[in-house]
2 protein chains.
Amino acid sequence: MKRHSSNKVTSHEVAALAGVSRSAVSRTFTEGASVSAKTREKVLNAAAELGYRPNALARSLIVRSTQMVGLVMAEWKNPFYTRMLRQFSERLQAEGYQLLLLTSNTETDVDDAVRRLLQYQVDGLLVVSAKPSEALARECANTGTPVVLVNRLAKKLQASSVTCDNAQIGRDTVEHLVAAGYQRLALVRGAPGVLTNIERSDAIRTALAAAPGAKLVADVTGYLGYDAGRQVVAELWNSAAPPDAIICSSDPTALGVLDGARIDLGIDVPEQLAVVGMGDIPQSGWGAYRLTTVHLPVDEMIDLAVADLLARLADPGLPPRPMIAHATLVNRDTVRSSHS
Amino acid sequence: MKRHSSNKVTSHEVAALAGVSRSAVSRTFTEGASVSAKTREKVLNAAAELGYRPNALARSLIVRSTQMVGLVMAEWKNPFYTRMLRQFSERLQAEGYQLLLLTSNTETDVDDAVRRLLQYQVDGLLVVSAKPSEALARECANTGTPVVLVNRLAKKLQASSVTCDNAQIGRDTVEHLVAAGYQRLALVRGAPGVLTNIERSDAIRTALAAAPGAKLVADVTGYLGYDAGRQVVAELWNSAAPPDAIICSSDPTALGVLDGARIDLGIDVPEQLAVVGMGDIPQSGWGAYRLTTVHLPVDEMIDLAVADLLARLADPGLPPRPMIAHATLVNRDTVRSSHS
DNA sequence: ATGAAAGCGCTAACAA
DNA sequence: TTGTTAGCGCTTTCAT
C-alpha cells in the first residue's frame, strides 16, 4: 500500500511515521549497526511506504567517504581505452564504488578535471593517458586521495602508475622484423610528446643500431587513426627512401596503413611491406586484416590499477608504486615469418 | 608562499586566516554574491595559501543541486555507444555537469543502478539502451529528476526518449534490397527482446509482404558481434533455404558475416549475397569492408537528448517528450545497386 | 557589505 | 538497544 510521496523524503519523516528516532532509521540502513528486529521492521515498513532512500551525499559528508572514484579520460580515439572505461566501471561498481567521469581534451586541462573531482570529494582517482601537474598531485597526496595513472609514468609524482614496458616492446619488434629480413623501418606516431611512444622509438633506435644493415628511414609524428594511416602510407611509399616495414603507434593507424598499402597502392603485404600495430584491438584480428601487432595487456593493466587503488583506498598509509604490465607481439599476417 | 596544508581545509580556517566570517568566504566563491573587492582579495589570498577548495558535496546539500547527471550504460559491445558516452560527457561538462557513471549488464539491474544514482542526488538521468521499471520512473518523477531514455521508447513512462524510426528503416532497407533484385532475406539479431529490433523486423515483414516474389527465409536471434556474425553466415548459407541477403542488427555482426562469407565461404558479395548492417561505425567505411549499412544519427540523438535534459533541468515543469531521429541507408559496396 | 544564527540530511558519541 | 545531542562543511536569511 504505497502512499505517493511527492518530493524528497528524509529520515525525519520516516522516523515520525515509524514512531522511532532518526538514529534508529540511520541504524537500520547502516550495515552491522545494532537495531532490534522489531524497530528495524517498523522502519523498513515506514521507509517503503514513503519511498525513502538515504541521501548518499549527506552520509558522505559525515563518514568522510563518498564511494566515488574520479576518472579522467584523456584519450577516446582508441577503442582500447573504451574497454578500460567499461572494465573500470564494472570492477569498481562490484566493490561498491561509482565512477565520476570527466573528459579532458587537451593535456592542459587535466588539472581542472582533477580539481573538480577533488571538490566532489572522490575517494580515489584514476587518470587515463594523462597526468596532473606536480602541484596537483601533491594536493591529492595531502588530502589523502590515492591516484593511479594509467598509461603514464608517475615520475616523482606521489601516485601509482601502470604502464607497459615500452622499451622491451620496441626491442622485440625490431628484432622480429630484422630476423624476417626487413631492413628499412619507418615509425608512424601520434602526438609528438607522448612519452610511451618516445620510449618505444628510442628503444627502436637503439635496437636498430645493433642490427647490421637495418636502419630507420622515417619517423613521422602527428598521424593517429585510420584515415591518417591510410594517407601517410602513400607519402612514405613515394618518398626518396621508401620503407619496407612500418611500425605504427596504434592499431587503427596500422589498419589504415594496411588498407592504404593494399587497396590504394597495390602493395603486397607482407612481402613488399610489413605493417605492425600497437594495441591489438578486436578489429586487428578480423579476417580482412589479421594485423601483426603488439598486444597491450589491457586486462592486466586494469587488474593492477584496480587492485592498487582498492588497496590504497582501504589503507591510506600504503605508498604509491609504479607497476608495469607485459606486452607481447602477436604474430599474424602482416609480417612475413622468415627471411625470404 | 604556499604553506603546506595537510588534510582537508574548510571555509572556517580560511575565514580565520583572512580575518573574516565564513559567510564572506562562501560569498567570494559564489558567482554574483556581494563582496567588497577588499574582502574578496583577502579571502582569495588565504584560500590560495591554504589550498582551499569548496566542498561540492556540502554545497550540494544546501543548494539542492549536485551538478551531477547519472548515466546508466547497458550496452558496451557496440562502438557506437562509446561515442555517445564520450559526447555526453563532453557536452554536459561544458554546461558544468559531471557524469556519474553506472554500468548495467543485465536488463534487470537497471533499477538498482537508477536507485543508486538517485541516492547520490543526481540532477538528471540518462539511460542508454535500457529502461527502468515503471515504479522507478515514477520515483524519479516524484523527486523531480528528469530522465531521458536513449534508444528505448518510454511508453507511458514519465520520461523523455530519443529513438530513431525503426519501422522506416526496415521499410527502406527492404525496398532497396528488393529493387536490387534480392529475394530471399535473412535477419540476424541480438537479444530476442530488444524493442528496436522487433519494430524493425516487423516493418521488414510488412514490407516484404507487399513485395511479390520476395520473402523472409530466416530470422535468427542471439547473434551479436563479429564472431557471432562470422559463425552464423555459414549456418545460414548451408541451410535448406539459403538467403541471398542478410540484414544484421549491428555493424560488427555484419562485418563478421561479411568476412565469413568472403573468406570462409568464398561467396561473392554483393553478387551472390548482400549484407547490410546497422549503425555505421567507422570500421564499416574502411576500405576492406565498405559495408552498406544504416547510418544511426548518433549526433542528432545526442543533441536531442542533451537539449531535452538541459531544458528540463533548467525548468522542472517541462513535460517529458518522445523524440525521434532520422536514420538513413548509406550505400556502399555490399549490396549491388541495380538488378542484374 | 558583513556577521550571527539557523539549518541542509545525515551519523556518531554519549547517556540512559 | 535506544534517544539525545552535536556537528560534517556549506549557504542563506536576517539584522546590522
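A, B, ... follow the sequence lines: proteins, then strands. Residue 1 opens every chain.
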Base versus backbone protein contacts along nucleotides 5-16 of chain D [heavy-atom cut-off under 4.0 Å; B, S, -]: --BBBBBB----
Evaluation steps, side-chain hydrogen bond (donor to acceptor under 3.5 Å, both in side chains), between B/Gln87 and B/Ser89: CA-CA 5 Å; B/Gln87 291 262 35; B/Ser89 170; over 6 Å; no
Evaluation steps, side-chain hydrogen bond (donor to acceptor under 3.5 Å, both in side chains), between A/Ser34 and A/Arg27: CA-CA 7 Å; A/Ser34 65; A/Arg27 285 192 264 259; 5.5 Å; no
Whole-angstrom distance between D/dT1 and C/dC10, as gauged at atom P: 23 Å
Any A/Ser36 side-chain N or O less than 4.0 Å from OP1/OP2 of D/dT2: yes
For A/Asn55, side-chain hydrogen bond (donor to acceptor under 3.5 Å, both in side chains) partners two or more places apart: none
Other residues, nucleotides, ligands: >12 heavy atoms within 6.0 Å of A/Arg115 CZ: yes
Distance between P atoms of C/dG9 and D/dT2 (Å, rounded): 25 Å
Under 3.5 Å: donor-acceptor pair, side chain of B/Asp111, backbone of B/Ser133: yes
Inter-residue atom distance A/Ser60.OG - B/Tyr120.OH, 0.5 Å rounding: 5.0 Å
side-chain hydrogen bond (donor to acceptor under 3.5 Å, both in side chains) between B/Tyr81 and B/Ser129, worked out: CA-CA 9 Å; B/Tyr81 290 105; B/Ser129 266; 2.9 Å; yes
Phosphate OP1/OP2 of D/dT4: any A/Ser21 side-chain N/O under 4.0 Å: no
Sugar-phosphate only, base, or nothing, as touched by B/Ser60 at under 4.0 Å among non-hydrogen atoms: nothing
Bracket string, DNA chain C, 5' to 3' - pairs by Watson-Crick or G-U geometry under 3.5 Å, | interstrand: |||||||||||.||||
N-O pairing of A/Asp112 and A/Arg116 below 4.0 Å: no
For atom NZ of B/Lys42 and atom C1' of C/dA1, their distance in whole Å: 12 Å
